[in-house]
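See below for the structure under consideration.
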Amino acid sequence: MFAEAGGFDERLRDGEDDEFGTRLPGRYRIVATDTVLTRHDDVDRLWPMLREQFVRAMAKPLLMTRTWRRQRAGAAGARVAMMSPERFRHLDRSARVTLVASALALAAGPLGVAVPSLVWTGPLCAVVVAAANHRFLRFAYRLHGGRFALTAAGLHVLAQLTLVAGLVAGVPRAGYALLREPAPGPRPARVRP
């Protein structure tokens, strides 16, 4: 199975497991289990975690574009749908609001220098992110109180800003890589009944 899908793309620094899953033939399934079969290198410090989140997010635009190209060429791998545009339409409301508010806050930072009235956009977007994730924040409050919930809200906003910054930084990289690699073969003709 591993050889059939072509193995990991070792040119990728992060996300090679996601990318591999998009090439895995559709007859295979990816199964989650509670039995430990491998070790993942999770970090337990804020700045290394943010750096890792940024680097992983930078890989997503390239992965998504390659996957969409494969879909248009007729590919139907085990995880192709995971990176399809349809997936993003099905994000729950809080995730969509969080991504959009984080993107606006990130864009408002540099623009706030040129347009002083935009200086309130960042804090306003942070409030919107907190409101969109009220269930998570209520859980944090019940778990350890108000200071913990406020800290959790700040960390959540920081993580989302890092994610969006990584996605934005990954777009030019994806464009450059796609210009250098050939497009997959022509899309197969659809047969109408």
Side-chain angles (χ1 to χ4, degrees), residues 12-22 30-64 67 79 81-113 115-171 173-174:
L12 298 174
R13 290 176 52 198
D14 274 295
E16 58 273 5
D17 52 343
D18 287 335
E19 195 275 337
F20 173 75
T22 65
I30 296 174
V31 179
T33 178
D34 58 357
T35 305
V36 176
L37 300 174
T38 187
R39 182 182 167 278
H40 198 278
D41 61 340
D42 288 329
V43 293
D44 61 353
R45 302 270 186 238
L46 177 62
W47 295 116
M49 184 273 301
L50 292 174
R51 184 173 42 252
E52 183 176 299
Q53 173 125 350
F54 181 84
V55 170
R56 286 184 178 175
M58 275 183 59
K60 294 298 182 196
L62 178 59
L63 173 60
M64 291 175 0
T67 303
R79 293 182 76 177
M82 180 190 93
M83 286 290 156
S84 74
E86 297 300 316
R87 176 177 184 254
F88 299 100
R89 291 189 188 112
H90 291 77
L91 286 175
D92 69 358
R93 191 182 73 149
S94 67
R96 286 193 307 265
V97 168
T98 298
L99 282 172
V100 169
S102 297
L104 287 173
L106 195 65
L111 292 175
V113 174
V115 183
S117 60
L118 290 177
V119 82
W120 293 104
T121 305
L124 178 62
C125 288
V127 169
V128 169
V129 169
N133 294 280
H134 62 91
R135 289 187 186 126
F136 164 67
L137 297 176
R138 274 190 292 186
F139 169 75
Y141 179 81
R142 283 193 309 269
L143 194 63
H144 290 294
R147 285 180 60 189
F148 180 76
L150 191 58
T151 301
L155 291 173
H156 187 63
V157 168
L158 188 58
Q160 293 303 313
L161 286 171
T162 302
L163 170 73
V164 170
L167 289 170
V168 169
V171 169
R173 180 177 162 214

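Note that the structure is a prediction, hence the values are computed from the model and not measured.
The distance from the CG atom of Leu118 to the CG atom of Leu124 is 11.0 Å, given to the nearest 0.5 Å. Note that the CG atom of Leu163 and the CG atom of Leu50 stand 11.0 Å from one another [nearest 0.5 Å]. Distance CG/Leu143 to CZ/Phe136: 9.5 Å, rounded to 0.5 Å.
The side chain to side chain donor-acceptor pair (under 3.5 Å) pairs that include a residue from residues 98-109 are Thr98-Asn133, where partners are two or more places apart or lie in different chains. Note on residues 115-127: no pairs pass side chain to side chain donor-acceptor pair (under 3.5 Å), not counting sequence neighbours.
Listed here is the closest heavy atom pair of Ala132 and Ser94: O-CB, 2.9 Å. In terms of heavy-atom proximity, Val164 sits nearest to Leu99 at CG2-O, 3.9 Å. Minimum interatomic distance between Ala159 and Gln53 (heavy atoms only, all atoms of both residues): O-NE2, 3.3 Å. Of all heavy-atom pairs between Ala149 and Ala140, the closest is CA-CB, 3.9 Å.
Contact check for Lys60 versus Arg56: no side-chain heavy atoms found under the 4.5 Å cut-off.
By the ring-ring contact (aromatic ring centres under 6.0 Å, His included) test, Phe148 is found to be paired with His144, residues two or more places apart in sequence or in another chain being considered. Contacts of Arg138 classified as side-chain contact (heavy atoms from CB on, under 4.5 Å), with partners at least two apart in sequence or in another chain: His134, Arg135, Arg142. In this structure Leu155 satisfies the side-chain contact (heavy atoms from CB on, under 4.5 Å) test together with Leu46, Thr151, sequence neighbours excluded. Applying the side-chain contact (heavy atoms from CB on, under 4.5 Å) criterion to Ala105, with sequence neighbours excluded, gives Cys125, Leu161. Legend: residues meeting side-chain contact (heavy atoms from CB on, under 4.5 Å) with Ala165, ordered by chain and number and at least two apart, are Phe54, Leu106.
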